[in-house]
Amino acid sequence: MPGPRVVPFYGDNDLPERVDVVVIGGGIIGVSTALELAEQGIRVALCEKGQIGHEQSSRNWGWVRISRRDPREIALMAEALKIWQTLDSRIAADTGYTQSGIVFACHDDQQVEKYQQWLQWVKEFPVSSTMLDEGQFRQKFPAANMTVRGALYTPEDGRAEPQKVAPAIAEAARRNGAYILTECAVRGIETSAGRVSSVITERGEIACQSVVLAGGAWSSLFTARHDLRLPQLKVINSVLRTAPLSEGPTETLWCQGFALRKRQDGGYTVASGHENIADIVPDSFRYARDFLPALRNDWRSLRFRVGGRFIDEARLDRHWQMDRASPFEYCRVLDPRPSYAMADGAFRQLQQHLPSFRQAKIAQYWAGCIDVVPDAVPVISAVDSKPGFYIATGFSGHGFGIGPAAGRLMADLVLGRQPIVDPHAFRFSRFSDGSKIEVFSGV
Ligand SMILES: Cc1cc2nc3c(=O)[nH]c(=O)nc-3n(C[C@H](O)[C@H](O)[C@H](O)COP(=O)(O)OP(=O)(O)OC[C@H]3O[C@@H](n4cnc5c(N)ncnc54)[C@H](O)[C@@H]3O)c2cc1C
């Protein structure tokens, strides 16, 4: 696999006959949910079609941030920041988490104004986000060769190592009694008397009372098989990492042309947050109306492309039989080809603005398929029409940082206990009950 090197995880051999909850998907959301449930003594089986953390959860930039979040996510992200602080000791592992602060540079006054407004949303939370003026920005990045109008700085934000986190949490879930099954695609759900009664996997059936779908970019296809409409699309972001570099900032930095984060190995993960590829596929037409408001807001960051993916996805069977191989078995890992032009473009901008990177050597490129929903707010919810079925997906490019708290919230909903935050904004039904889909354009 040309993607980043993920810490290996060896799945269990034996399929349990019966558990309480089956979790579909071994990304950060699935493993965090499994850990939360297993810690409560719930019998859990997590089924992953490929390997733990090989899709988005290992390909992301590793930013753990509350800054710039949609207000609907802030309370959950504040909980996530608390969880990250003790996660390593809780799971007895090194995820590389460190509270290193994140800076979003502003290149015009309009941006400064927007961030100043955004600060109102975090007032009641224990974070000290603040606006830096140009002088304060210079103190943080003395070598920076750029003019800024100001910057949003959140010292409580952090970073962690995406290639380590999902396998480490999965291992902890297993120590707490969860079955972790890799190369074990779930083909679908069976119901009995209107309730979830089992899942059919490629390795056999597992009886259960509840199913949590944490299938990342595959979730919409899975729900379509069960006649549930989940508007979800994919965009591709290209990333590179450098070899270790002795001089460079410890804070994570976002600028107009590049975004960078220091890695535990001493190198940097670099990409552009302003350039993504959106392949035109049949879902682009299927969900076009749902995504119109988002498109109006964010079209500048998207480069539309017509290519082979249209044919590949048009050929996908959306109503497969449970006794035949499902589409999930034909693609164990979504591994899109990176755009070298986009990643190199970000790297050139970085070298221009932070001269210490002129010595940096590029060590690797990769890309990831970001799953997005129309309002860019995740679904963490029960499915009202299918008792026992839950969905945690649609994290829209920022699910890594919030992942541990999303797992906690999902477990709360499955267990019927007091939710860690109000889950209303995350309900699945908002896409079908006539609710107005609001896109946050405040940053
Ligand atoms: C390039 C890039 C940069 C990003 N940067 C950041 C960042 O800095 N900070 C941040 O917070 N977020 C970031 N994100 C977003 C973040 O990575 C995702 O939101 C998060 O990883 C989503 O986790 P997940 O568990 O929902 O999905 P995934 O990690 O994609 O996992 C879903 C898993 O489900 C499995 N699966 C699907 N269907 C089935 C099935 N039927 N049976 C069994 N298994 C199945 C898949 O194989 C996959 O492993 C970034 C994403 C990308 C791609």
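The chain is numbered in sequence order, starting from 1. These numbers come from the heavy atoms of this one structure, side chains and all, not from hydrogens, waters or symmetry mates. Remember, it's a predicted structure, so these values are computed and weren't measured experimentally.
When the side chain to side chain contact (heavy atoms under 4.5 Å, CB included) test is applied to P327, the partners found at least two apart in sequence or on another chain are L221, L316, W320. Under the side chain to side chain contact (heavy atoms under 4.5 Å, CB included) criterion, D20 pairs with I42, R43, Q209, not counting sequence neighbours. Scored by the side chain to side chain contact (heavy atoms under 4.5 Å, CB included) test, E55 finds K49, W218, V333, L334 as partners (sequence neighbours excluded).
The shortest distance between side-chain heavy atoms of Q40 and R417 falls below 4.5 Å. In this structure, W118 and D70 have side chains that are not in contact, with every pair of non-hydrogen atoms separated by 4.5 Å or more.
The aromatic ring centres of F258 and F347 sit 6.0 Å or more apart. Within the 6.0 Å centre-distance limit, the rings of F400 and W84 are counted as a close aromatic pair.
With hydrogens and angles ignored, the 3.5 Å screen pairs a side-chain donor or acceptor of H107 with a backbone N or O of Q256.
The only option from I200, V196, V199 that meets the side chain to side chain contact (heavy atoms under 4.5 Å, CB included) definition with E190 turns out to be I200.
In this structure, R68 is positioned above the aromatic face of W254, its NZ or CZ under 6.0 Å from the six-membered ring centre and within 45° of the axis.
Side-chain polar atoms of D412 and Q418 form no donor-acceptor pair below 3.5 angstrom.
A distance of 11.5 Å separates CZ of R305 from CG of N276, quoted to the nearest 0.5 Å.
Counting all heavy atoms, side chain and backbone alike, A271 lies closest to S238 at CB-O, 3.5 Å. Among all heavy-atom pairs drawn from T250 and S100, the shortest one is O-CB, 3.8 Å.
Ring orientation note: the planes of F431 and F428 are nearly perpendicular, at an angle over 60° on the 30°/60° scale.
Residue Y10 places its OH atom among 12 or fewer non-hydrogen atoms of other residues, nucleotides or ligands, all under 6.0 Å distant.
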